[in-house]
Amino acid sequence: MGRGDLTNIEWARLEPHLPVAGLRGGRWRNHRTVINGILFRVRTGIPWRDLPERFGSWKTVYERHRRWSADGTWDRILHAVQADADSAGRLDWSMVSVDSISCRAHQHAAGARKKKPRVPKKRSTPWHHRPDEGLGRSRGGLTCKIHLAGEGGCRPLAFLVTPGQWGDAPQMIEVLKRIRVPRPQGGHPRTRPDHLGGDKACSSRRNRRYLRRGRIKHTIPEPKDQRANRKRRGSRGGRPTGFNSEIYKRRNEVERTINRLKNARAVATRYDKRAYVFHGTVITAAVRLWLRG
């Protein structure tokens, strides 16, 4: 077993949720070797062609990662390992925080074909495909942003990849809608945390209205301009927003989640041209964090 490969305990947690092996043509043979190759690339950020020979053909490793990113297999695996953690009591719903990561895009991430991609051997569009490929321009050049929600144990629950110049507040609701932890015993997936934390960038009347309708307690500081605007409107401006400074201290958990995700160099710097492939890369790094937990 090489450095960074799946341990026997991690493999035992992951194996039950993988696609069935031994299909026609041997398409899914050697799951563990190929997944170790995907994890190696996500951790180091090297070009796919430079993968060590111990993982087999680099094209096999890349194609499996691309297929699983396109058809939603990585998303289903993430939900499955989250459900296992929730059943074992290892998922902390008491405080879920939202934040975003700005990722510098490498020059090789630009130049994707304008033609809409397709899921291999299907006529459907890949999951999480974006016409803008999630790339935006800023003073630093090409960037993208990962909006995420993290639970109290410093592990990510849901993601959204957008261009780097997009704000946090308009994306918060979409990120929360992507939280879906299945319940193996049956019933609807759990989607609501006990408490939500966010910084000033997430503060807006739209977001607070959504949280109140969903009966989600939240701790989000109100910026000075929004506070002044509310006071200027008088009784029409609504009641002052509540804020608990002690609860807000737990927002560092999502910052630590971001630091753990950025240990994967292919997440800290984006090398993938397609947004759906980069989304699969982020999901792969998140799955590894859940397996270690």
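No experiment lies behind these values; they were computed from the predicted model shown.
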Between D71 and R118, does any NZ, NE, NH1 or NH2 come within less than 4.0 Å of an OD or OE carboxylate oxygen?
no
Taking atom CG of N36 and atom CZ of F55, what is their separation to the nearest 0.5 Å?
6.0 Å
Under 3.5 Å, side chain of R274 to main-chain N/O of A109, donor-acceptor pair present?
no
I want to check something: taking the side chain as every heavy atom from C-beta on, are E151 and P156 in contact at a cut-off of under 4.5 Å?
no
Any side-chain to backbone donor/acceptor pair from R104 onto L142? Under 3.5 Å, distance only.
yes
Taking a hydrophobic cluster as the set of Ile, Leu, Val, Met, Phe, Trp and Tyr residues connected by side-chain heavy atoms closer than 4.5 Å, whether directly or through intermediates, do M172 and I247 fall within one such cluster?
no
Euclidean distance, L160 CG relative to H279 NE2, rounded to 0.5 Å:
7.0 Å
Separation between CZ of R3 and OG1 of T44, rounded to the nearest 0.5 Å
10.0 Å
Quiz question: by atom type and distance under 3.5 Å, do the side chains of T219 and H195 form a donor-acceptor pair?
yes
Backbone of P16 reached by a side-chain donor or acceptor of R13 within 3.5 Å
no
What one should report as the nearest heavy-atom pair of L211 and H218 is CD1-CG, 3.5 Å
Considering non-hydrogen atoms only, spot the tightest contact between I46 and D50 and give its length.
CD1-O, 3.5 Å
Whether E15 and R32 form a salt bridge (side-chain N of Lys/Arg under 4.0 Å from carboxylate O of Asp/Glu) is what I want to check.
no
State, with a plain yes or no, whether a side-chain heavy atom of I35 is found less than 4.5 Å away from one of L6.
yes
Can the ring centroids of W74 and W68 be said to lie less than 6.0 angstrom from one another?
yes
Counting only N and O atoms by type, is there a donor-acceptor contact under 3.5 Å from the side chain of R155 to the main-chain atoms of G150?
no
Side chains of R130 and E133: does their closest heavy-atom pair fall under 4.5 Å?
no
If two hydrophobic side chains count as joined below 4.5 Å and joins carry through other members, does L78 share a cluster with W127?
no
Under the criterion side chain to side chain contact (heavy atoms under 4.5 Å, CB included), I'd like the reasoning laid out for I220 against F243: C-alpha separation, chi angles, the key distance, then a yes or no.
CA-CA 7 Å; I220 302 176; F243 180 76; over 6 Å; no
Assess the residue pair L196 and K217 against the criterion (side chain to side chain contact (heavy atoms under 4.5 Å, CB included)); give the C-alpha distance rounded to whole Å, side-chain angles, the decisive distance to 0.1 Å, and a yes or no.
CA-CA 6 Å; L196 181 79; K217 298 179 181 179; over 6 Å; no
When rounded to the nearest 0.5 angstrom, what distance separates CZ in R270 from OG1 in T281?
9.0 Å
Thinking salt bridges, do R66 and E63 make one under a 4.0 Å N-O criterion?
yes
Taking ILVMFWY side chains as joined if any heavy atoms are under 4.5 angstrom apart, and letting links pass through other members, which residues group with Y276?
V277
Ring centres under 6.0 angstrom apart (W166, H147)
no
Does CZ in R180 sit with more than 12 non-hydrogen atoms of other residues, nucleotides or ligands closer than 6.0 Å?
no
Verdict with reasoning, H65 to W48, per ring pair (Phe, Tyr, Trp, His ring centres under 6.0 Å)
CA-CA 11 Å; H65 177 64; W48 290 100; 5.5 Å; yes
Should K200 and E222 be marked as a salt bridge (charged side-chain N to carboxylate O under 4.0 Å, His left out) after you check the CA-CA gap, both sets of side-chain angles, and the distance that decides it?
CA-CA 6 Å; K200 292 181 180 180; E222 188 179 25; over 6 Å; no
Ignoring hydrogens, what is the shortest heavy-atom contact between Y248 and P221? Give both atom names and the distance.
CE1-CD, 3.5 Å
Side-chain donor-acceptor contact under 3.5 Å, H108 with D272:
no
Exercise: identify the closest heavy-atom pair between A286 and F159:
CB-CZ, 3.5 Å
If you define the side chain from C-beta out and look only at heavy atoms, does anything of M95 sit under 4.5 Å from D194?
no
Can you check whether L157's main-chain N or O pairs, donor with acceptor, with Q82's side chain at less than 3.5 Å?
yes
Just one of R288, R54, R43 clears the salt bridge (charged side-chain N to carboxylate O under 4.0 Å, His left out) bar with D5, so which one?
R54
With a cut-off of 6.0 Å (strictly less than), are more than 12 heavy atoms of other residues, nucleotides or ligands near CZ of R265?
no
Would you mind telling me which of V98, V161, T257, V282 makes a side-chain contact (heavy atoms from CB on, under 4.5 Å) with L148?
T257
Does H106 form a side chain to side chain contact (heavy atoms under 4.5 Å, CB included) with Y271? I'd like the steps, not just the answer.
CA-CA 5 Å; H106 193 269; Y271 300 100; 3.6 Å; yes
Report yes or no: do I77 and V34 belong to one cluster of Ile/Leu/Val/Met/Phe/Trp/Tyr joined by side chain heavy-atom distances under 4.5 Å?
yes
Which heavy atom in L135 sits nearest to a heavy atom in A110, and how many Å separate them?
CD1-CA, 4.3 Å
Atom of D168, atom of C202 and distance for their closest heavy-atom approach:
CB-SG, 4.5 Å
Any side-chain heavy atom of T73 sitting closer than 4.5 Å to one from P19?
yes
Answer yes if V254 and I216 sit in the same cluster of Ile, Leu, Val, Met, Phe, Trp and Tyr residues linked by side chain heavy atoms under 4.5 Å apart, and no otherwise.
no
Give a yes or no on whether I283 and V175 share a hydrophobic cluster (residues Ile, Leu, Val, Met, Phe, Trp, Tyr; joining criterion: side-chain heavy atoms under 4.5 Å apart).
no
Look at D92 together with R250 and state whether they make a salt bridge at an N to O cut-off of under 4.0 Å.
yes
Taken to the nearest 0.5 Å, the spacing of Q185 CD from R183 CZ works out to 9.0 Å
Could you go step by step and tell me if I38 and Y62 meet the side chain to side chain contact (heavy atoms under 4.5 Å, CB included) rule?
CA-CA 7 Å; I38 295 173; Y62 166 72; over 6 Å; no
Under a 4.5 Å cut-off applied to non-hydrogen side-chain atoms, are I179 and L176 in contact?
yes
Examine distances only and state if a side-chain atom of R49 and a backbone atom of K59 form a donor-acceptor pair shorter than 3.5 Å.
no
If only atom types and distance count, is the side chain of E10 paired as donor or acceptor with the main-chain N or O of L291 below 3.5 Å?
no
Is any side-chain heavy atom of W93 less than 4.5 Å from a side-chain heavy atom of V181?
yes
Salt-bridge criterion met for R251 and D99 (N-O under 4.0 Å):
yes
Are the side chain of R260 and the backbone of C154 linked by a donor-acceptor contact shorter than 3.5 Å?
yes
Is a donor on one side and an acceptor on the other found under 3.5 Å between the side chain of N207 and the backbone of I173?
no
Using distance alone, with no hydrogens and no angle criterion, decide if H128 and S69 have a side-chain donor and acceptor under 3.5 Å apart.
no
Could you check if a side-chain atom of L289 sits within less than 4.5 angstrom of a side-chain atom of V287, using non-hydrogen atoms only?
no
May I ask you to decide if I101's main-chain N or O and K145's side chain share a donor-acceptor pair within less than 3.5 Å?
no
